[in-house]
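All figures in this text were calculated on a predicted structure; none of them were measured in a lab. Side chains are part of it too, since the values below use all heavy atoms of this structure and drop only hydrogens, waters and symmetry mates.
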Amino acid sequence: MRMIRKPAWAKVRRRWLALPLALMLCLALIPVASGAVTQPGLVPPDRKSSFEQDGVALVRIVVPDQAGIDRLQRMGVDLAEYTKPVAGGIEVNAVLSPQESADLKAKGFDVRGAIADQADAAKVRRQRSQALNSLAAQAQGTDTLTALRAEWFTSLPDGQRFLNVEVKTSDSSATNILTVAWDSGRGTEIGSGGTATMSRFTDDGQYMYDRFNSPLPVNVTPSKVRITSTSGGSVTVSVTKWLGEPRKKPNPHYVSDFVDHYMDPEEVYQRIDSLAKEFPELTQLINLPYKTNGYRRAAQAQFGTAAASTFYVSSKAYGSDGGNDISVALENPGSAGAALSVSVTGKNVVVHLATDASGQVTSTAAQVVAALGADPAAAKQLTASTYRGDAGAGVVAAAPATRLSDGLKAPASVKRQPFQVQALRIGAKRNGSRPGVFLYCQEHAREWVTPLTCVETAERLLRNYQHDPATRKLVDNLDIFVVPSVNPDGANYSMYDYNFQRRNMTNYCGPADSDPARRNAWGVDVNRNFSVGSSFDGYSGGSANCRGETYSGPSELSEPEAKNEVWLTQKYSNIKFAMNTHSYGGYFMWPPGAYKLDGRQTLPPVDLGTETYFWSASAHILNAVQQWRGTAIWPGRTGPVTDVLYSAAGNSADEAWYDQGIIGWDFEVGADKYDAQTGEYDEVGFQPDFAEGHEEAMEFANGQIGILEVALAYSKDKKDPRSSLSVTGQDASSTKFTFKVNEPATVYYTLDGSRPTLKSPKLEAAGLREGAESLTVDKTTDVRWFSVDIAGNVENNYRPDGRHTGYRHEVVRVGGH
Ligand SMILES: [Zn+2]
């Protein structure tokens with residue numbers, strides 16, 4: 001009862017207190033049909049009980065005067081203890097269901113936006129329970145530390161060694177500081193190698209774990225680390241090696257390195273086309289059905305300097321389709337008392353400005369805009385708008401005939417027409433019988449290294465087919481689809497006009513945001529335009545602002561670039577793996593890639609078996625990357641997108657995984673480079689010097705080949721996994737156990753003696769970046785289970801859907817019984 005508890009507003013609105021609590025309760029509960037409510041009742045049909053309050057929110061209502069408050073009061077509206085004089089009356093706050101809001105609006109009340117809703121409270125509750133957990137840990141005098149990862153690896157320059165540690169503490173309060181100490185090799189004292197303080201990693205207000213901000217360069221290889229906290233926790237773990245497993249030496253006849261400059265999309269697709277012609281028996285070119293909007297724009301001109309007297313015109317035809325030939329002049333008639341008029345001769349538009357009795361020009365920007373709109377011949381060719389939503393009351397100045405221009409600077413070789421995006425399909429058997437792998441690059445225009453990566457991979461596969469048995473295996477047994485530049489229009493714009501262009505070129509902004517100086521701010525972020533976990537579904541990381549860098553577009557899958565990807569993966573249902581290559585930072589990532597704010601509600605995390613598979617695949621793929629010049633992708637940049645980067649609502653890898661079960665991975669090429677002189681890590685940027693860009697393309701082409709090797713292993717995997725049950729803890733009243741598997745696999749189990757099926761509970765991770773959970777039973781239990789690997793092989797060839805009894809079973813005893 002917000003109203004009754006110490007009402008702050010009572011000093012001002014004391015009369016409200018006269019309404020007794022009992023009556024308030026009655027008003028809230030008595031249905032309107034009972035007729036017991038004498039005032040026109042606002043009875044909440046959708047507030048069934050205190051447990052079913054979906055959509056209830058604290059909202060603002062502005063009433064003209066005290067009588068309005070009284071009216072709400074009589075209707076039994078749940079008002080907060082708050083009033084504020086505002087323009088047009090008094091603001092009060094009310095707790096309303098959506099239905100109540102609608103009813104009040106129908107009764108003519110000015111109901112405004114929400115101050116808080118139930119999700120906000122859920123967030124505050126989570127904060128509270130986190131704080132309580134921390135306090136409980138502090139009260140115990142010690143926190144529990146869980147070491148997630150402790151690894152060493154080598155990377156540039158010159159095989160420099162690095163240490164990476166990730167630890168979770170049960171006391172995530174800011175005052176709890178974690179320190180890592182390491183030895184200087186087997187048998188040496190902990191601390192002899194060095195010590196370093198860790199940083200708390202939080203995301204959306206939620207504690208994730210402690211880590212170093214970047215891997216620590218070390219001079220010796222540590223064998224053990226001890227992590228201690230100021231809350232008294234301590235844990236010691238062995239350091240393992242990250243990456244660097246020896247790979248087979250490449251065949252001496254293996255050829256690579258086919259790119260020697262940054263390529264624009266015309267060059268990229270010409271290369272793909274010529275490869276298709278040269279290797280007809282191994283390839284096929286697929287025209288993707290949705291042509292892009294094209295590298296083209298409306299032609300524009302802007303007149304005026306101050307906002308009020310400024311307006312701009314945009315051609316209806318693209319600049320390349322005749323818009324660039326239009327001219328507009330603002331003519332001072334040179335006589336007194338002239339009226340505003342427009343005349344059009346062919347593509348030449350003349351605005352004859354109005355003058356007053358003394359011959360001074362009087363036409364305002366708004367009047368000229370209106371006159372151009374009203375003249376049918378002008379309106380057929382162009383639209384006119386005031387500047388950024390200004391009322392346009394300033395008088396315009398005369399101006400000579402000015403040619404409109406689309407401003408595009410690319411040479412004529414870049415065609416001003418919708419772009420035909422193509423996929424190069426590579427495989428000796430391209431009939432859908434082989435597992436498909438979809439490699440696609442340059443969704444983001446400014447990431448210039450990425451199309452080179454795709455082109456290099458395609459060319460390596462084709463040119464090594466004859467002489468390299470490993471390549472032949474890939475091409476013979478897989479069905480590979482390469483789309484080297486998903487977003488060619490944006491890519492051209494990035495190369496020739498505005499290098500930081502990320503999005504495509506389609507402008508969805510209204511007149512207030514479409515003046516020529518806004519031209520670099522238009523376009524849709526292709527990798528936010530997909531339909532799974534999108535900003536339209538409430539996920540974070542996509543913008544609704546047409547000028548936002550992550551603008552999601554007007555609706556899901558509105559853009560041809562995004563639709564092409566979906567079409568390809570639906571049409572070729574044998575596609576099982578996909579790699580979305582971006583830049584920069586040096587990442588290897590997988591779903592989920594998006595969460596909702598208010599507690600970081602991610603898309604469903606992959607199950608433990610799949611997660612384990614992703615880690616083991618990443619080891620193979622990142623070893624391949626490292627083989628080129630020694631670059632290590634950091635463990636801290638390997639993992640689900642939401643855990644290692646940020647939330648990217650509506651991205652294509654989530655679309656692939658959640659919608660079609662395609663393993664959708666993401667690369668960010670261009671790992672940070674450690675400078676041993678300064679001890680700092682340098683970012684490489686979107687368009688590094690070509691010498692660096694070339695190396696990035698080569699090493700990540702290695703990575704793409706690594707993905708193909710993983711796909712090949714998947715296609716050959718006919719071996720069923722093996723699992724075992726292992727007791728992890730025991731006391732008088734309960735026993736803890738988990739399952740171990742000999743390869744990445746998901747374990748399904750039952751504890752009630754029933755047959756395990758694919759609907760049974762799965763063994764889950766103990767937590768973010770942690771291994772398998774332990775299950776606890778408090779009585780002797782007949783545990784039944786089976787495991788399934790990523791290729792679908794079931795342990796002991798058990799058939800979970802039939803009546804088969806070939807599952808595993810074991811009795812877990814409690815208290816020695
Ligand atoms: Zn990108």
Side-chain angles (χ1 to χ4, degrees), residues 247-259 268-288 421-441 451-484 564-565 567-579 581 617 620-621 624 656 660-663 665 698 700-719 790-793:
R247 274 173 64 82
K248 251 200 283 172
K249 275 240 154 46
N251 180 327
H253 304 293
Y254 190 85
V255 287
S256 58
D257 196 351
F258 303 104
V259 293
V268 164
Y269 280 96
Q270 273 164 24
R271 179 74 70 93
I272 291 296
D273 190 59
S274 62
L275 285 172
K277 291 201 173 91
E278 189 179 342
F279 298 96
E281 65 292 344
L282 295 179
T283 64
Q284 172 188 347
L285 267 182
I286 300 167
N287 283 339
L288 303 188
V421 179
Q422 294 176 309
L424 180 66
R425 186 180 189 180
I426 302 172
K429 282 237 164 42
R430 301 178 303 279
N431 57 8
S433 65
R434 303 288 192 258
V437 185
F438 176 31
L439 305 174
Y440 57 107
C441 290
L452 307 186
T453 309
C454 269
V455 166
E456 170 75 14
T457 299
E459 197 144 355
R460 283 190 198 175
L461 291 172
L462 296 171
R463 298 209 184 280
N464 287 299
Y465 181 77
Q466 287 302 331
H467 306 289
D468 178 47
T471 300
R472 181 177 293 231
K473 258 191 211 156
L474 297 177
V475 175
D476 282 348
N477 293 292
L478 296 173
D479 197 356
I480 303 154
F481 300 82
V482 182
V483 175
N564 277 335
E565 288 183 22
W567 178 86
L568 188 82
T569 51
Q570 285 179 348
K571 166 106 179 163
Y572 301 98
S573 56
N574 57 326
I575 293 177
K576 181 65 194 168
F577 295 85
M579 168 48 76
T581 299
H620 181 88
I621 293 161
Q660 297 182 67
I662 296 168
I663 291 171
W665 281 320
M698 293 305 121
F700 280 88
N702 267 30
Q704 290 185 337
I705 302 278
I707 288 164
L708 299 177
E709 291 164 352
V710 163
L712 181 66
Y714 163 91
S715 76
K716 301 273 174 218
D717 181 1
K718 302 283 180 259
K719 241 178 138 172
I790 192 87
N793 300 303

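The shortest heavy-atom contact between L478 and L708 is CD1-O, 3.3 Å. Smallest separation of non-hydrogen atoms from T453 and A701: CG2-N, 3.5 Å. The two atoms that bring P484 and C441 nearest to each other are O-CB, 3.2 Å, heavy atoms only. In terms of heavy-atom proximity, F258 sits nearest to M698 at N-CE, 4.5 Å. Across I621 and G703, no two heavy atoms sit closer than the pair CG2-O, 3.6 Å.
Put simply, the side chain of T581 does not reach to within 4.5 Å of the side chain of L439, judged on heavy atoms. H253 has its side chain out of reach of D468: every pair of non-hydrogen atoms, C-beta onward, lies at least 4.5 Å apart. Proximity of L568 to Y440: side-chain heavy atoms (C-beta onward) are nowhere separated by under 4.5 Å. Between N251 and T471, every side-chain heavy-atom pair lies at or beyond the 4.5 Å cut-off. Taking the side chain as every heavy atom from C-beta outward, K571 and I286 never approach each other to under 4.5 Å. In this structure, R460 and Y254 have side chains that are in contact, with non-hydrogen atoms separated by less than 4.5 Å. In this structure, the side chains of W665 and I707 come closer than 4.5 Å at one or more pairs of heavy atoms. Between R271 and P451 the shortest side-chain heavy-atom distance does not fall below 4.5 Å.
The main-chain N or O of S573 is never found under 3.5 Å from a side-chain atom of K576 such that the two would form a donor-acceptor pair. Without hydrogens or angle criteria, D476 side chain to A428 main chain gives no donor-acceptor distance under 3.5 Å. Remark: the backbone N or O of D257 is paired with a side-chain donor or acceptor of E456 at under 3.5 angstrom. Of the possible donor and acceptor atoms, one in the side chain of N702 sits under 3.5 Å from a partner among the backbone N and O of A624. Using a distance-only test at 3.5 Å, with no hydrogens or angles considered, no donor-acceptor pair links the side chain of D479 to the main chain of R430.
Rounded to the nearest 0.5 angstrom, I662 CD1 and N574 CG are separated by 9.5 Å. For the atom pair CG of L452 and OG1 of T457, the computed distance is 10.5 Å after rounding to the nearest 0.5 Å. Expressed to the nearest 0.5 Å, how far CG of L462 lies from CD1 of I426 amounts to 4.5 Å. Taking CG of L275 as the start and CG of L282 as the end, the distance is 11.0 Å to the nearest 0.5 Å. Within the model, atoms CD1 of I272 and CG of L285 stand 8.0 Å from one another, a figure rounded to the nearest 0.5 Å. Interatomic distance, CG of L474 versus CD1 of I480, reported as 6.0 Å (0.5 Å rounding).
A cation-pi arrangement, defined by a distance under 6.0 Å to the six-membered ring centre and an angle within 45 degrees of its axis, is absent between R425 and F481.
Checked against a 6.0 Å centroid threshold, the rings of F577 and Y714 count as neighbours.
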Verdict with reasoning, E459 to E278, per side chain to side chain contact (heavy atoms under 4.5 Å, CB included): CA-CA 11 Å; E459 197 144 355; E278 189 179 342; over 6 Å; no

Show, in sequence, the C-alpha distance, side-chain angles and deciding distance for N564 and V483, and conclude whether the side chain to side chain contact (heavy atoms under 4.5 Å, CB included) test is met. CA-CA 10 Å; N564 277 335; V483 175; over 6 Å; no

